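To start, the structure under review is shown below, and the notes come after it.
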Protein chains: 2
Amino acid sequence: MSSQLKPGTSNACNITALSLACEVNDVLRDISPRWKMQVLHKVASGTKQFSTLKHAFPSLSDQILGKRLSELVNDKLVDKIILKEKAPKSIHYMITDKGLELLKIIDDLHKWGLKYLSA
Amino acid sequence: MSSQLKPGTSNACNITALSLACEVNDVLRDISPRWKMQVLHKVASGTKQFSTLKHAFPSLSDQILGKRLSELVNDKLVDKIILKEKAPKSIHYMITDKGLELLKIIDDLHKWGLKYLSA
DNA sequence: AGGTTTGCTCACTTTCGGGTGAGTTATTGA
DNA sequence: TCAATAACTCACCCGAAAGTGAGCAAACCT
């Protein structure tokens with residue numbers, strides 16, 4: 001019983017799978033949602049509040065921004081600092097060490113992408 | 001006319017978007033399809049044929065494998081070498097320099113993922 | 001003559017993620 | 001008193017991605 005697998009989860013983690021498999025699947029899955037890494041980058045560069053993030057990405061809706069931020073908090077890529085609980089709330093987001101290390105790699109990915117744009 | 005945007009394409013490439021935006025979106029989109037990076041890794045480690053790749057990932061279907069391989073070829077991450085055109089065909093896949101450089105970054109991502117598995 | 005192998009493609013269904021509209025809380029300022 | 005503000009959440013829809021079933025070409029082996 002309970003070899004139930006959430007659909008979409010990496011299920012190739014068997015004997016024949018090599019070292020790179022399994023976790024890389026999951027990491028890619030975690031970082032690829034639209035806007036997520038851009039929001040992380042913005043938070044890292046000092047944009048701490050919901051409303052200022054909102055203005056930074058005019059074509060990103062409140063709903064998706066909220067979703068991405070809660071994902072980032074869940075992933076421990078950013079910390080949520082509650083300065084004032086009751087409305088109008090005051091909340092700051094701050095990038096964690098884990099998030100910073102990820103951003104470095106994302107930046108490499110970005111550079112790689114730029115390098116091969118012409119090719 | 002033709003400021004038409006393919007849905008799902010990065011549309012945040014406006015004045016307010018910062019350097020990291022735009023292209024990173026597209027790179028992530030390109031590398032995140034399920035199995036794609038694992039297949040790339042396998043090809044890089046010397047598994048060159050459709051049938052052997054198939055055996056390497058028992059839970060990956062022929063159809064998806066075919067799709068991923070054609071994507072990888074389109075992205076110029078692997079080259080398709082046709083040794084024998086007519087059935088039973090003989091075709092080899094070989095990783096490109098572009099693909100190898102990407103794999104290095106994917107490997108960093110993998111290490112990052114492993115580092116924070118416990119946390 | 002018929003089964004096997006190699007490397008796929010097409011059509012279809014199901015599942016998932018992005019995006020939208022509306023609603024909420026409670027305080028401050030006009 | 002009423003609008004505005006900050007930071008969300010919920011319910012829904014729709015298009016795209018994932019996965020499934022079937023079929024195909026042509027040579028080789030029995």
Side-chain angles (χ1 to χ4, degrees), chain A residues 4-12 25-26 28-39 42-43 47-74 78-94, chain B residues 4-12 25-26 28-39 42-43 47-74 78-94:
Chain A
Q4 271 293 90
L5 206 50
K6 211 170 53 179
T9 308
S10 66
N11 53 2
N25 233 335
D26 300 331
L28 284 171
R29 197 161 276 280
D30 285 347
I31 67 172
S32 58
R34 201 146 124 80
W35 301 106
K36 194 165 173 179
M37 291 301 108
Q38 278 111 303
V39 171
K42 261 289 173 195
V43 170
T47 310
K48 298 180 196 315
Q49 296 174 203
F50 193 97
S51 49
T52 46
L53 286 166
K54 214 169 107 164
H55 290 126
F57 302 107
S59 48
L60 169 61
S61 69
D62 287 23
Q63 296 85 337
I64 302 292
L65 176 57
K67 199 188 241 183
R68 292 298 167 257
L69 282 170
S70 74
E71 286 168 9
L72 288 169
V73 169
N74 264 301
V78 306
D79 287 329
K80 181 177 185 170
I81 322 263
I82 301 169
L83 299 176
K84 186 160 162 295
E85 172 67 37
K86 297 256 181 108
K89 301 177 186 175
S90 178
I91 283 155
H92 278 192
Y93 292 96
M94 290 190 54
Chain B
Q4 271 293 90
L5 206 50
K6 212 169 51 178
T9 307
S10 65
N11 54 0
N25 233 336
D26 301 330
L28 285 172
R29 199 161 276 280
D30 284 348
I31 67 173
S32 58
R34 202 145 123 80
W35 301 107
K36 193 167 174 178
M37 290 301 109
Q38 278 111 303
V39 171
K42 262 289 173 194
V43 170
T47 309
K48 299 181 196 313
Q49 295 173 207
F50 193 97
S51 49
T52 46
L53 286 166
K54 213 169 109 166
H55 290 126
F57 303 108
S59 48
L60 170 61
S61 69
D62 287 23
Q63 296 86 339
I64 303 291
L65 176 57
K67 200 187 242 182
R68 291 298 168 258
L69 281 171
S70 73
E71 287 168 9
L72 288 169
V73 169
N74 264 300
V78 306
D79 286 329
K80 181 176 185 172
I81 322 262
I82 301 170
L83 298 175
K84 186 162 163 293
E85 173 67 36
K86 297 257 181 109
K89 300 177 188 176
S90 179
I91 282 154
H92 278 193
Y93 293 96
M94 292 192 52

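Bear in mind that the values here come from a model prediction, so they are computed numbers and not experimental data. Protein chains get the first letters and strands the later ones, always in sequence-line order, with residue 1 at the start of each. In what follows, every heavy atom counts, from backbone to side chain, and hydrogens, waters and symmetry copies are set aside.
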Does A:Val73 form a side chain to side chain contact (heavy atoms under 4.5 Å, CB included) with A:Ser70? I'd like the steps, not just the answer. CA-CA 5 Å; A:Val73 169; A:Ser70 74; 5.5 Å; no
Dump the intermediate steps for side chain to side chain contact (heavy atoms under 4.5 Å, CB included) on B:Leu69 and B:Phe50, then the final yes or no. CA-CA 9 Å; B:Leu69 281 171; B:Phe50 193 97; 3.7 Å; yes
Derivation and outcome, side chain to side chain contact (heavy atoms under 4.5 Å, CB included), residues A:Lys36 and A:Ile31: CA-CA 7 Å; A:Lys36 194 165 173 179; A:Ile31 67 172; 6.0 Å; no
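Heavy atoms only, all atoms of each residue included: A:Gln38 and A:Phe57 are closest at O-CZ, 3.6 Å.
At distances below 3.5 Å, not a single donor-acceptor pair connects side-chain atoms of B:Thr47 with backbone N or O atoms of B:Val43. In terms of modelled atom types and a separation under 3.5 Å, the side chain of A:Arg68 and the main chain of A:Arg34 share a donor-acceptor contact.
OP1 or OP2 of D:dG19 lies within a sub-4.0 Å distance of a side-chain N or O belonging to B:Trp35. Side-chain N/O atoms of A:Tyr93 include none lying less than 4.0 angstrom from OP1 or OP2 on D:dA6.
Applying the salt bridge (charged side-chain N to carboxylate O under 4.0 Å, His left out) test to pairs two or more places apart or on separate chains, those with a residue in residues 57-66 of chain B are B:Lys54-B:Asp62.
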Restricting both atoms to N or O, compile the protein contacts to nucleotides 2-6 of chain C shorter than 3.5 Å, with distance only.
from, atom 1, to, atom 2, distance (Å)
C:dT6, O3', B:Lys89, O, 2.9

Under 3.5 Å, N/O pairs linking protein and nucleotides 21-23 of chain C:
from, atom 1, to, atom 2, distance (Å)
C:dG21, N7, A:Gln63, NE2, 2.7
C:dG21, O6, A:Gln63, NE2, 2.9
C:dA22, N6, A:Gln63, NE2, 3.4

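Residue contacts shown for A:Lys80 are limited to sugar-phosphate atoms, with no base heavy atom under 4.0 Å away.
Partners of A:Asp79 according to the side-chain hydrogen bond (donor to acceptor under 3.5 Å, both in side chains) rule, which considers only residues two or more places apart in sequence or in another chain, do not exist here.
Five base pairs at each end of the helix from C:dA1-D:dT30 to C:dA30-D:dT1 define two local axes, and these are offset by 10° (rounded to 10°).
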N/O donor-acceptor pairs under 3.5 Å from side chains in residues 81-93 of chain A, not counting sequence neighbours:
from, atom 1, to, atom 2, distance (Å)
A:Lys84, NZ, A:Lys86, O, 3.1
A:Lys84, NZ, A:Pro88, O, 2.9

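If you take CG of B:Leu65 and P of D:dG19, they are 13 Å apart, rounded to a whole angstrom. For the pair A:Met37 CE and C:dG18 P, the interatomic distance rounds to 12 Å; values are reported in whole Å.
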